[in-house]
Amino acid sequence: MSMLIKNGRIVTASEDFTGDLLIEGEKITAMGTKLDANAAEVIDASDCLVLPGGIDPHVHLDMPFMGTFSSDNYETGTLAALHGGTTTVIDFVLQTQGKSLHHALEQWRGRSDGNCFSDYSFHMAVTDFNDQTKAEIREMVEKEGITSFKTFMAYKGALMIDDRQMVGLMHEVKRCGGIVTVHATHGDMIDYLIAKHRAEGKLSPLYHYLSQPEITEAEASGRFADMAYQTGATGYIVHMTCEGAINHVREAARRNQRVLAETCIQYLLLDASLYEKDFDGAKWVMSPPLREKKDQEALWAAINQGTVLVVATDHCPFKWEQKKLGEKDFSKIPNGHPAIEYRMELLFSEGVVKNKISLSKYVEVTSTNAAKIFGMYPNKGTLAPGTDADVVILDPAKKHTLSARTHHMNVDYSAYEGWEVTGKCRTTILRGKVAVDNGSVKIAKGYGKYLKRHKAGLPV
Ligand code: URP
Ligand code: ZN
Ligand code: ZN
């Protein structure tokens with residue numbers, strides 16, 4: 001099968017021109033102006049942008065968490081991703097404390113394999129680092145293609161590891177050529193504040209926010225960077241929200257370290273005033289919580305300075321019934337919010353259209369940098385002859401309104417209900433096949449392929 005995408009504005013992290021893209025089978029075979037090619041299928045992309053498929057390296061699908069499961073499974077979540085221009089997701093396998101990494105991987109493969117629409121891969125969350133787990137790291141990297149290892153400095157008793165384990169893991173992951181990623185917040189300080197607020201009868205979603213002040217994230221980010229400095233490991237801090245944490249990444253860069261940072265779309269666009277809406281605030285209960293306007297400004301600046309390299313989602317949806325588990329106690333509200341479908345369009349509308357970031361920066365932070373950092377580049381993350389034909393055709397002028405009535409995520413509210421967005425992902429192509437076109441789905445469940453990744457942490 002061949003496909004010619006004609007007359008689009010082709011944009012990668014390094015190129016920007018109006019031209020054509022030829023796809024044969026799963027790969028791009030030519031890219032240029034006025035390509036002289038006969039193709040079975042011709043797509044006119046006039047007045048549209050032709051971009052690398054989005055990569056969301058932070059999603060939680062069908063994940064057991066806080067007594068329930070995130071409400072998008074691999075089928076609904078990866079299809080919603082494609083509707084929104086994301087062609088590859090990286091999800092998290094969570095080790096059960098006391099059990100092996102392989103045991104967890106088997107469970108996650110059982111839920112995901114054969115069920116994905118988009119391409120997918122896994123980070124391995126090491127929640128119990130010991131001699132057995134240590135022995136599994138090299139196998140994960142070399143046999144399973146899992147080159148990134150997630151750690152939690154919070155959620156004590158379920159996911160958190162202590163600093164001694166962190167240092168041991170960093171040494172081993174470095175030896176094996178991988179990257180250590182982290183949920184960097186001070187678990188003990190947060191647990192103390194949660195207990196204090198509960199004891200005082202302060203039980204609304206606002207107290208979720210007040211239990212995780214900026215210092216809890218800044219301190220842990222600095223501590224993580226120090227441990228990475230001591231061990232020489234490459235580190236990656238997920239879902240960064242605030243100025244204090246960004247400053248620790250800057251300090252690490254001054255020491256010539258490789259501590260990379262990701263933020264998520266919600267931290268750029270939403271702020272903590274949403275927690276003042278009584279229980280409705282539960283829609284935005286996530287960890288870390290939304291922050292202040294000054295933090296949003298700091299994040300946009302950090303993106304433009306190359307300090308924050310990736311904009312992900314931390315997509316972890318829960319239906320309203322599930323959120324209501326915490327109706328009487330904020331600490332029982334399942335943490336997370338739905339965004340997998342919205343990231344590309346929201347960042348385009350709020351970032352590019354409003355002149356906060358350039359189009360090439362947009363491509364970098366939605367696709368190219370994640371591909372490089374997590375060992376998928378150049379197959380993913382760019383458009384060039386020889387790479388996977390993962391392409392988004394985005395109509396930059398088309399306006400639409402986000403709503404739970406029209407989205408494809410398996411969740412009965414939208415955290416962005418009524419938002420007016422400029423720019424619509426018209427067609428999403430995954431490995432040479434039109435996956436979604438003007439809202440209609442053209443591929444079947446199971447088309448999405450598991451991606452083994454190579455050694456992670458390439459310079460971006
Ligand atoms: O609130 C969040 N972020 N839920 C998902 C788990 C995590 O910490 O990333
Ligand atoms: Zn987290
Ligand atoms: Zn997460």
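We're numbering straight along the sequence, starting at 1. In each ligand, atom 1 is the first atom listed, and ligand 1 is the first ligand listed. Bear in mind the structure is a predicted one, so any value in this text is a computation, not a measurement. Hydrogens, waters and symmetry mates play no part in the numbers below; they use all other heavy atoms, side chains included.
The number of protein N, O or S atoms lying under 2.8 Å from the Zn ion (ligand 2) is 2.
Using modelled atom types, one finds a donor on one side chain and an acceptor on the other under 3.5 Å when comparing Asp72 with His315. Side-chain contact check for His197 and Ser211: at least one donor-acceptor pair (N or O, by modelled atom type) lies under 3.5 Å. With hydrogens and angles left out, the side-chain atoms of Ser70 and His60 include no donor and acceptor closer than 3.5 Å. A donor-acceptor contact closer than 3.5 angstrom is absent between the side chains of Ser100 and Gln95. Under 3.5 Å, the side chains of Tyr267 and Gln296 contain no donor-acceptor pair of N or O atoms. For the 3.5 Å distance criterion, the side chains of Asn335 and Ser287 qualify, holding a donor opposite an acceptor. Defined by atom type and a distance below 3.5 Å, a donor-acceptor pair is present between the side-chain atoms of Asn130 and Thr133.
Ring orientation note: the planes of Phe318 and Phe65 are close to parallel, at an angle under 30° on the 30°/60° scale.
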Could you give the N/O to N/O pairs under 3.5 Å linking ligand 1 and the protein, each with its distance?
unit_1, atom_1, unit_2, atom_2, d
ligand 1, 1 (O), Ser287, N, 2.8
ligand 1, 1 (O), Gly336, N, 3.4
ligand 1, 3 (N), Ser287, O, 2.9
ligand 1, 3 (N), Asp314, OD2, 2.5
ligand 1, 4 (N), Asn335, O, 3.0
ligand 1, 8 (O), Tyr155, OH, 2.8
ligand 1, 8 (O), His183, ND1, 3.1
ligand 1, 9 (O), His60, NE2, 3.2
ligand 1, 9 (O), Asp314, OD1, 3.2
ligand 1, 9 (O), Asp314, OD2, 3.4

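The pair Arg255-Asp226 meets the salt-bridge criterion, with a side-chain N (NZ, NE, NH1 or NH2) lying under 4.0 Å from an Asp/Glu carboxylate O.
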